[in-house]
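These numbers come from the heavy atoms of this one structure, side chains and all, not from hydrogens, waters or symmetry mates. Chain letters run A, B, ... following the sequence lines, proteins first, then strands; residues in each count from 1.
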There are 2 protein chains.
Amino acid sequence: MDGRQQGISIGDLSMRTEVNIETIRYYEKIGLLPAPGRTGGRHRVYGPAHVARLTFVRRSRELGFSLEEIRSLLRLVDGGHSSCSDVQIVTLKHLDDVRKKIGDLQRLERTLSEVASRCQGGSVPDCPIVEALYAPAQGAEA
Amino acid sequence: MDGRQQGISIGDLSMRTEVNIETIRYYEKIGLLPAPGRTGGRHRVYGPAHVARLTFVRRSRELGFSLEEIRSLLRLVDGGHSSCSDVQIVTLKHLDDVRKKIGDLQRLERTLSEVASRCQGGSVPDCPIVEALYAPAQGAEA
DNA sequence: CTTGAACCTGTAGTTACTACAGGTCCCATC
DNA sequence: GATGGGACCTGTAGTAACTACAGGTTCAAG
């Protein structure tokens with residue numbers, strides 16, 4: 001019922017952060033999460049700082065940042081020095097990528113729904129979808 | 001200047017279809033493209049049917065179909081029997097996936113631009129973006 | 001007949017994990 | 001103090017769809 005906790009096991013950390021155990025170990029291996037202390041029997045023991053860090057990583061992943069981008073963000077955060085505008089640069093770059101991806105998918109969606117609409121679903125020997133797939137790109141996408 | 005050609009090399013096929021050479025060999029290895037004939041020295045020799053098939057695969061990839069989906073499409077096309085509605089099913093399923101992905105990215109975009117807009121880019125010690133990343137998901141995305 | 005470009009096979013690397021296999025540890029209960 | 005079974009450990013291999021070599025062979029023009 002208080003804020004204290006000494007020694008969070010990997011299972012507990014996993015439940016608190018909703019990051020699965022293998023992923024936690026993976027993040028440690030690639031250096032996104034600092035190596036925690038260990039018990040006598042080599043079991044990992046985490047503290048509150050690990051919870052915060054892993055939450056940060058998880059949230060960043062949810063927002064679509066790559067692990068490399070997260071690594072950059074963490075460096076900026078750890079650097080401490082006036083990094084807000086740098087963080088903003090990384091974020092805006094990512095936002096731009098997301099918008100591009102949306103645009104690509106919307107073009108795709110248009111082409112695809114156009115192609116699909118040509119087909120009436122009968123048992124036609126020459127399916128218009130199949131014909132479209134045999135033709136080297138000329139449609140609406142570009 | 002005519003329609004005849006006997007023996008297309010892998011390099012030619014690559015240029016005609018704009019699929020790179022390693023990818024062509026990869027498609028052969030995983031069974032998407034039938035193994036072609038060979039010269040005495042074991043160089044691959046393709047014919048017009050290979051051009052058509054590879055064009056189909058490439059176009060399908062451009063439209064975002066996975067290799068497994070393309071495999072299914074090819075089975076249907078090869079089956080020959082009244083497969084148009086089956087093709088349509090695969091296509092509509094894919095279209096649905098694309099639309100879902102667009103929706104996911106749009107939600108992401110909203111959250112991300114909201115978070116980014118909080119930051120005025122100064123040298124603030126407590127960056128609002130960083131703060132948002134330390135907080136376990138509560139925002140607009142759901 | 002000699003280059004050198006094109007081709008060959010096979011393996012390893014990429015992203016972000018997940019899924020084992022085969023073992024060890026912790027701790028609650030008896 | 002013994003025991004049992006869940007949680008933990010390391011390390012490797014698999015996923016999608018390629019790309020990039022390394023190290024060797026073949027083709028075709030001159």
Side-chain angles (χ1 to χ4, degrees), chain A residues 6-33 35-46 50 53-74 94 97-98 101 104-105 108, chain B residues 5-33 35-46 50 53-54 56-74 94 97-98 101 104-105 108:
Chain A
Q6 343 248 62
I8 299 168
S9 72
I10 197 170
D12 286 351
L13 181 63
S14 173
M15 279 191 310
R16 276 166 205 245
T17 57
E18 296 179 272
V19 173
N20 97 27
I21 291 180
E22 344 263 319
T23 303
I24 294 173
R25 287 196 282 247
Y26 171 68
Y27 287 165
E28 180 184 328
K29 190 164 64 177
I30 64 170
L32 269 193
L33 195 64
R38 300 278 187 144
T39 65
R42 305 202 44 69
H43 284 199
R44 289 171 178 81
V45 183
Y46 297 94
H50 292 98
R53 187 113 177 162
L54 187 51
T55 301
F56 183 98
V57 173
R58 207 230 150 168
R59 184 78 184 116
S60 302
R61 287 293 297 138
E62 278 174 9
L63 293 178
F65 288 100
S66 72
L67 296 182
E68 278 318 302
E69 287 168 332
I70 296 171
R71 206 187 287 281
S72 303
L73 288 172
L74 286 170
H94 174 54
D97 291 346
V98 169
K101 207 169 286 175
D104 290 347
L105 284 176
L108 200 62
Chain B
Q5 66 241 325
Q6 341 247 60
I8 298 167
S9 72
I10 198 170
D12 287 352
L13 182 63
S14 173
M15 279 190 311
R16 278 165 203 246
T17 56
E18 297 179 272
V19 172
N20 97 29
I21 292 182
E22 344 263 317
T23 304
I24 295 173
R25 287 196 282 249
Y26 171 68
Y27 286 166
E28 179 184 330
K29 189 164 67 179
I30 65 169
L32 269 194
L33 195 63
R38 298 278 185 144
T39 65
R42 305 201 47 69
H43 284 201
R44 289 170 177 82
V45 182
Y46 297 94
H50 292 98
R53 188 112 177 161
L54 188 51
F56 184 99
V57 173
R58 206 230 151 167
R59 184 80 184 113
S60 302
R61 287 293 297 138
E62 278 175 8
L63 293 177
F65 288 100
S66 72
L67 296 183
E68 278 317 303
E69 286 167 333
I70 296 171
R71 207 188 287 281
S72 303
L73 288 172
L74 287 171
H94 174 54
D97 292 346
V98 170
K101 209 167 285 175
D104 289 348
L105 285 176
L108 201 62

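Formation of a donor-acceptor pair under 3.5 Å by the A:His94 side chain with backbone atoms of A:Ser66 is not found in this model. A donor-acceptor pair under 3.5 Å links the side-chain atoms of B:Ser60 to the main chain of B:Phe56, judged by distance alone.
Shown for residues 19-28 of chain B: residues whose heavy atoms fall under 4.0 angstrom of DNA chain D, namely B:Asn20, B:Glu22, B:Thr23, B:Tyr26, B:Tyr27.
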(Q) Run B:Leu13 and B:Ile21 through side chain to side chain contact (heavy atoms under 4.5 Å, CB included) and show every step you take. (A) CA-CA 8 Å; B:Leu13 182 63; B:Ile21 292 182; over 6 Å; no
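Annotation: side chain of B:Glu28 is not in contact with side chain of B:Tyr26 (no heavy-atom distance under 4.5 Å). Side-chain atoms of A:Glu69 and A:Asp97, non-hydrogen and from C-beta on, do get closer than 4.5 Å to each other. At least one side-chain heavy atom of A:Ile24 sits under 4.5 Å from a side-chain heavy atom of A:Ser14. Looking at heavy atoms from C-beta onward, B:Arg59 lies in side-chain contact with B:Glu62 at the 4.5 angstrom threshold.
Summarising the geometry of A:Ile30 relative to A:Leu67, their closest heavy-atom pair is CD1-CD1, 3.8 Å, with the distance given to 0.1 Å.
Of all nucleotides in DNA chain C, those with any atom nearer than 4.0 Å to a heavy atom of chain A start and finish, going 5' to 3', at C:dA16 to C:dC26.
Taking the nucleotide of DNA chain C with the nearest heavy atom to each of A:Ser66 and B:Ser9, the more 5' of the two is matched to B:Ser9.
In this model, the phosphate group of D:dC8 is not approached by any side-chain N or O of A:Arg42 to a distance below 4.0 Å at OP1 or OP2.
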